[in-house]
Undergrad: 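Please see the structure below; I have some questions.
Order of listing sets the numbers, starting from 1, for every ligand and every atom in it. Numbering starts at 1 and runs along the sequence shown.
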Amino acid sequence: MANFNSINPFTGKTISELPELSQEDIQVRLNKAAEVYQIYRKSEYSYRSERLYKVAEILRADSKELAEIITNEMGKAITESVAEVLKCAWVCEYYAEHAEEFLSSKDVSTDASLSYVKYEPLGTILAVMPWNFPLWQVFRFAAPALMAGNIVLLKHASNVQLSAKKIEEVFLNAGFEDGVFQNLAVKSGAVAAIIENSVVKAITLTGSEFAGASVAEVAGKNIKKCVLELGGNNAFVVLNDADIEKAVEVSLIARLLNAGQSCIAAKRFILEEEIHDEFIRKLKEKILVYKVGDPTLDETKMGPLSSSQAVDALDMQVQKSIELGANLIYGGQSDGAKYEPAILLDVKPGMPAFDEELFGPVYAVTKVKSKEEALELSNQSEFGLGLNLFTRSKETADFFIENAQEGSVFVNSMVKSDPRLPFGGVKKSGYGRELSVEGIREFVNVKTVYMEDI
Ligand code: NAP
């Protein structure tokens, strides 16, 4: 049986070797999920929320310890790991408080004596999750899904199996029955058969386009509901009338958070020509504090990428873009899994830095002559997760909101996920939504009830 080797990307040392589940172990867990669902689906909202509040309490109390696991496994700066754990506590509290309101039955007036819509759980949902936010990606799905009465099976990324194990422990320690939230320590090759298993009723995947297409294919063949949260190549549009100081400040987080390894990171910087040079000058001053350092230290603003292979892939995209005419004016040095933030100017469609998702701390900058050109370039992407827009004009903001081919538009702010707002994309960024009313209703049976003569 193959093992999962978790390697600390900063030190290069193996930090854990966990066993993969056998076929028999997988079946035992699936059976347990099916069994416990018959009890859990009948539980009151108050019963579920009590436990989810307890999860939040544990996350807050153990935030430091959990953050250390995240940082050691995938390399993000410890302050960001702590913030991630606390955001998970928030999402649990939010759904513990609001799920009942989001899922309460709705009367609809028809010709019947009584007609209404009621929301029921679907059963066991398989969650295939990525390593870049090892806790947040899981909790933002699991909190609403569990409140809706579903059972969760987690298949986490191979390099964050300690985090996965820990998450399961948190749910158990909070009082959820064994089986309501289970970690399946399996590699991606085992996923198709799990989707095909009759216990699994629906699937959510956060990850790459390739993984999304593979999972959706099997789900489709088996007529099972699927939500996909895939990659992004978000534009960060700064127009002539913008507050440049603020735009530069926000860009640092939008591009460099998690060492740039975020689906919703700002990746293509589309700057109107009048403010282009000022933006770059200010950016070059402010970016200086972002140097790759030991991610376990509080003062470190940026850790390494998740692996040296990730650095190689990123560097290849940057070098190819330079060959095609892009101009590297800052950074880009690498050493193992470490990659220093970089600024690439004169980026154009046809270059990897424009056409592809750069999963690392690289500013790909394109100069444009007008807001119309900015919109056209922003939409010129096979992805459609979110748009960051900087302007002081409400009319211009409305023009972008109306015409942007995106799952979200954030004006004078960066694209981010928030438990109170729906999150998801269009085009190759996937389909379906997480969070908010829309998200919690993805994994429910919307049951129509129509009664006469009663
Ligand atoms: P990934 O390689 O697609 O992995 C994501 C998950 O899918 C992992 O658990 C992985 O397992 C599994 N997987 C991979 N190939 C599979 C297959 N053929 N069948 C079934 N499962 C499979 O993605 P990643 O490199 O971890 O994450 C980076 C990508 O995720 C980026 O494109 C990023 O933009 C996207 N992302 C999107 C969002 C969003 O909300 N839209 C959020 C975060 C990340 P193994 O690790 O065992 O291979």
Undergrad: Could you find the nearest protein heavy atom to atom 15 (N) of ligand 1 and give me its residue, atom name and distance?
TA: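 Closest protein heavy atom to atom 15 (N) of ligand 1: Ala211 CB, 3.5 Å.
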Undergrad: For Asn197 and Gln27, test the side chains for any donor-to-acceptor distance below 3.5 angstrom and give the result as yes or no.
TA: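 Yes, because at least one side-chain N or O of Asn197 sits under 3.5 Å from a partner of the opposite role on Gln27.
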Undergrad: Within the 4.0 Å heavy-atom shell around Ala157, which atoms of ligand 1 are there?
TA: 8 (C), 9 (O), 46 (O)
Undergrad: Between Lys54 and Glu57, is the closest basic N to carboxylate O distance under 4.0 Å?
TA: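 A salt bridge is present here (some side-chain N lies under 4.0 Å from a carboxylate O).
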Undergrad: Looking at the rings of Phe410 and Phe390, which for Trp means the six-membered one, are their centres under 6.0 Å apart?
TA: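 Centroid separation for Phe410 and Phe390: 6.0 Å or greater.
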Undergrad: Could you list the atoms of ligand 1 found under 4.0 angstrom from a heavy atom of Val191?
TA: 20 (C), 21 (N)
Undergrad: Please list the nearest protein heavy atom to atom 41 (N) of ligand 1 with its residue and the distance rounded to 0.1 Å.
TA: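 Result: Leu230 O, 2.6 Å.
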Undergrad: Of all the non-hydrogen atoms in the protein, which one sits nearest to atom 8 (C) of ligand 1, and at what distance?
TA: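 Answer for atom 8 (C) of ligand 1: Met129 O, 3.3 Å.
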Undergrad: Which residue and non-hydrogen atom of the protein lie closest to atom 32 (O) of ligand 1, and at what distance in Å?
TA: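 Answer for atom 32 (O) of ligand 1: Glu357 OE1, 2.8 Å.
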Undergrad: In terms of side-chain heavy atoms, does Glu356 have a donor or acceptor partner in Gln317 at a distance below 3.5 Å?
TA: yes
Undergrad: Considering only heavy atoms of Phe210, which atoms of ligand 1 have at least one such atom less than 4.0 Å away?
TA: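 Contacts of ligand 1 toward Phe210, numbered from 1: 18 (N).
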Undergrad: To check your reading of the model: name the closest protein heavy atom to atom 7 (O) of ligand 1, its residue, and the distance in Å.
TA: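 Here the nearest protein heavy atom works out to Val128 CG1, 3.4 Å.
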Undergrad: Heavy-atom contacts under 4.0 Å between Asn159 and ligand 1: side chain, backbone, both, or neither?
TA: neither
Undergrad: With a 4.0 Å cut-off on heavy atoms, is Phe133 in contact with ligand 1?
TA: no
Undergrad: Can you label the angle between the Phe171 ring and the Phe139 ring as parallel, tilted or perpendicular, going by 30° and 60°?
TA: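 Parallel: the ring planes of Phe171 and Phe139 meet at under 30°.
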Undergrad: Any N/O of Gly207 closer than 3.5 Å to an N/O of ligand 1?
TA: yes
Undergrad: Quick test: of every protein heavy atom, which one is nearest to atom 24 (P) of ligand 1, and how far off is it to 0.1 Å?
TA: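 In this structure, atom 24 (P) of ligand 1 has Trp131 NE1, 3.3 Å as its nearest protein heavy atom.
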Undergrad: Using the side-chain contact (heavy atoms from CB on, under 4.5 Å) rule, pick out the option among Asn183, Val186, Ile26, Val200 that qualifies with Leu153.
TA: Val200
Undergrad: Between Asp418 (side chain) and Arg420 (backbone), is there a donor-acceptor pair under 3.5 Å?
TA: yes
Undergrad: Taking Arg255 for the side chain and Val362 for the main chain, is one N or O donor matched with an acceptor at less than 3.5 Å?
TA: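 Yes; judged by distance alone, with no hydrogens or angles, the pair exists.
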Undergrad: Which residue in the set Asn258, Thr71, Asn132 passes side-chain hydrogen bond (donor to acceptor under 3.5 Å, both in side chains) when paired with Lys76?
TA: Asn258
Undergrad: Using the rule given for side-chain contact (heavy atoms from CB on, under 4.5 Å), can you reason through Val365 versus Ile343, listing the C-alpha separation, both sets of side-chain angles and the distance that settles it, and then say yes or no?
TA: CA-CA 7 Å; Val365 183; Ile343 305 174; 4.3 Å; yes
Undergrad: Describe, in one word, how the ring planes of His98 and Tyr94 are oriented to each other, choosing from parallel (under 30°), tilted (30 to 60°) and perpendicular (over 60°).
TA: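 Answer is tilted, since the angle falls between 30° and 60°.
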Undergrad: Taking atom 4 (O) of ligand 1 as the reference point, report whether a protein heavy atom occurs under 4.0 Å from it.
TA: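 Within 4.0 Å of atom 4 (O) of ligand 1, no protein heavy atoms are found.
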Undergrad: If we only consider heavy atoms of Arg140, is any one of them less than 4.0 Å away from an atom in ligand 1?
TA: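 Checking ligand 1 against Arg140, which is what was asked, there is a heavy-atom contact under 4.0 Å.
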Undergrad: Heavy atoms only: which of Phe359, Phe141, Trp136 lies closest to atom 33 (C) of ligand 1?
TA: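 Looking at heavy atoms only, Phe359 sits closest to atom 33 (C) of ligand 1.
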Undergrad: Counting heavy atoms only, which of Gly424, Gly232, Ser188 is nearest atom 16 (C) of ligand 1?
TA: Ser188
Undergrad: At what distance is the nearest protein heavy atom to atom 45 (P) of ligand 1, and which residue and atom is it?
TA: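 For atom 45 (P) of ligand 1, the nearest protein heavy atom is Ser158 OG, 3.6 Å.
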Undergrad: With atom 42 (C) of ligand 1 as the reference point, say which of Ser306, Gly407, Cys263 has the nearest heavy atom.
TA: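 Among Ser306, Gly407, Cys263, the closest heavy atom to atom 42 (C) of ligand 1 belongs to Cys263.
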Undergrad: If the cut-off is 4.0 Å to any non-hydrogen atom of Thr206, which atoms of ligand 1 fall inside it?
TA: 5 (C), 37 (C), 38 (C), 39 (C), 40 (O), 42 (C), 43 (C)
Undergrad: Would you say the ring centers of Tyr363 and Tyr330 fall short of 6.0 Å from each other?
TA: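 For Tyr363 and Tyr330, the ring centres are not under 6.0 Å apart.
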Undergrad: What protein heavy atom is closest to atom 44 (C) of ligand 1, reported as residue, atom name and distance in Å?
TA: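 Of the protein heavy atoms, Asn132 ND2, 3.3 Å lies nearest.
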Undergrad: Polar-atom distance check: Ser208 versus ligand 1, any N or O pair below 3.5 Å?
TA: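 Indeed, backbone or side chain, Ser208 has an N or O that close.
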